[in-house]
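A quick write-up on the structure given underneath.
As the structure is a prediction and not an experimental result, all values here were calculated from the model. In this chain, numbering begins with 1 at the start of the sequence shown.
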Amino acid sequence: MYRLCLLVLTGLMALPAGAAEVSPFATKPGQWEMKTQHNGKAMPVIRTCVDEETATQAEKTLASPEIPKECKALSQHIKGQEMRFEYVCDDPGQQVHVRGQGRRLSENAFESQLETLENGQVTGTTLIAGQWLGACSAQARNTIDIPGVGQMDMDQLERMAKELGGTAGR
């Protein structure tokens with residue numbers, strides 16, 4: 001179920017931007033730091049470098065009406081630089097009810113929250129705060145730095161996600 005929650009959180013990037021001029025998530029090229037908490041427990045801080053092409057693709061994805069293919073939207077709302085959603089998603093052997101929100105704090109920062117529910121009760125919460133750190137160094141373009149693992153390029157990360165049965169998209 002945790003894998004599906006991360007997939008849905010990643011799927012937030014596929015929420016429609018509608019008439020909003022600025023998406024709920026910052027998509028600026030450069031180095032980003034992502035701080036994540038799952039059920040109150042801090043996860044390792046991840047830094048990733050996003051090039052101009054990837055940032056542009058993310059902005060296009062935000063303008064798309066698609067949601068994660070494993071999910072059915074119960075609701076989706078975007079107002080200004082904030083968005084809210086509620087999905088029911090298929091995870092192998094079960095359905096997972098998730099709701100979340102995201103908001104752009106500035107062109108350099110965003111935050112999001114995802115909750116899993118069972119019988120109307122929250123059973124898990126994941127928080128992500130993204131902060132732009134500046135331009136990427138030449139050797140760090142389209143890489144992700146995972147503490148304890150090291151630096152990986154996005155193609156390598158996608159291959160690993162596929163091997164684990166998930167998907168990772170840029």
Side-chain angles (χ1 to χ4, degrees), residues 1-18 20 22-27 32-48 50 58-59 61-106 108-132 144-150 152 154 156-170:
M1 186 178 330
Y2 181 68
R3 180 188 65 77
L4 181 66
C5 289
L6 291 178
L7 175 65
V8 170
L9 202 52
T10 302
L12 290 175
M13 297 302 185
L15 287 172
V22 180
S23 68
F25 294 94
T27 55
W32 284 84
E33 180 176 82
M34 308 298 267
K35 295 180 180 177
T36 305
Q37 283 189 355
H38 181 67
N39 291 336
K41 181 181 178 189
M43 307 302 279
V45 174
I46 295 175
R47 290 194 175 127
T48 184
V50 178
E59 194 62 41
T61 301
L62 282 162
S64 169
E66 295 181 26
I67 61 168
K69 66 182 179 182
E70 296 84 0
C71 302
K72 174 183 157 194
L74 301 177
S75 67
Q76 291 184 153
H77 303 284
I78 294 182
K79 184 175 181 180
Q81 296 179 26
E82 295 187 12
M83 50 75 55
R84 295 181 184 275
F85 72 95
E86 191 165 354
Y87 295 159
V88 173
C89 301
D90 291 323
D91 198 19
Q94 64 180 338
Q95 277 200 329
V96 179
H97 185 178
V98 295
R99 70 177 170 212
Q101 59 188 0
R103 71 183 174 125
R104 184 184 190 124
L105 304 172
S106 72
N108 297 329
F110 71 88
E111 63 185 15
S112 61
Q113 175 179 324
L114 178 73
E115 297 175 328
T116 55
L117 297 101
E118 235 176 80
N119 300 319
Q121 300 296 313
V122 175
T123 58
T125 302
T126 303
L127 305 171
I128 295 181
Q131 177 71 43
W132 188 76
I144 187 166
D145 187 17
I146 304 171
V149 175
M152 299 170 63
M154 292 304 287
Q156 184 181 9
L157 185 62
E158 286 184 58
R159 284 191 301 274
M160 283 180 57
K162 286 178 184 173
E163 289 172 11
L164 296 172
T167 59
R170 288 193 253 179

Review point. Any side-chain donor-acceptor pair under 3.5 Å between Gln101 and Arg84?
Key: yes
Exercise for review: Could you tell me whether a side-chain N or O of Asp90 sits under 3.5 Å from a main-chain N or O of Gln95, the two making a donor and an acceptor?
Suggested key: no
Exercise for review: Evaluate the side-chain proximity of Val98 to Leu114: yes if any heavy-atom separation is below 4.5 Å, no if none is.
Suggested key: yes
Check your understanding: Which atom pair, heavy atoms only, marks the closest approach of Leu117 to Thr123?
Key -> N-OG1, 4.1 Å
Review point. Do His97 and Glu118 come close enough that some side-chain heavy atom pair is under 4.5 Å?
Key: no
Check your understanding: Roughly how far, to the nearest 0.5 Å, is the CE atom of Met83 from the CZ atom of Arg104?
Key -> 13.5 Å
Check your understanding: Can you tell me how far the OG atom of Ser106 sits from the CD atom of Gln131, to the nearest 0.5 Å?
Key -> 6.5 Å
Check your understanding: Which value, rounded to the nearest 0.5 Å, describes the distance between Leu105 atom CG and Glu82 atom CD?
Key -> 9.0 Å
Exercise for review: To the nearest 0.5 Å, tell me how far Arg99 CZ sits from Thr125 OG1.
Suggested key: 8.5 Å
Practice item. Check whether any side-chain heavy atom of Gln81 sits under 4.5 Å from a side-chain heavy atom of Phe110, and report yes or no. Key: no
**Study point:** Nearest-0.5 Å distance that lies between atom CZ in Arg47 and atom NZ in Lys35
**Key:** 8.5 Å
Point to revise | Distance (rounded to the nearest 0.5 Å) between Leu127 CG and Glu111 CD | key: 8.5 Å
**Study point:** Donor-acceptor contact present, side-chain Thr116 to main-chain Gly124, <3.5 Å
**Key:** yes
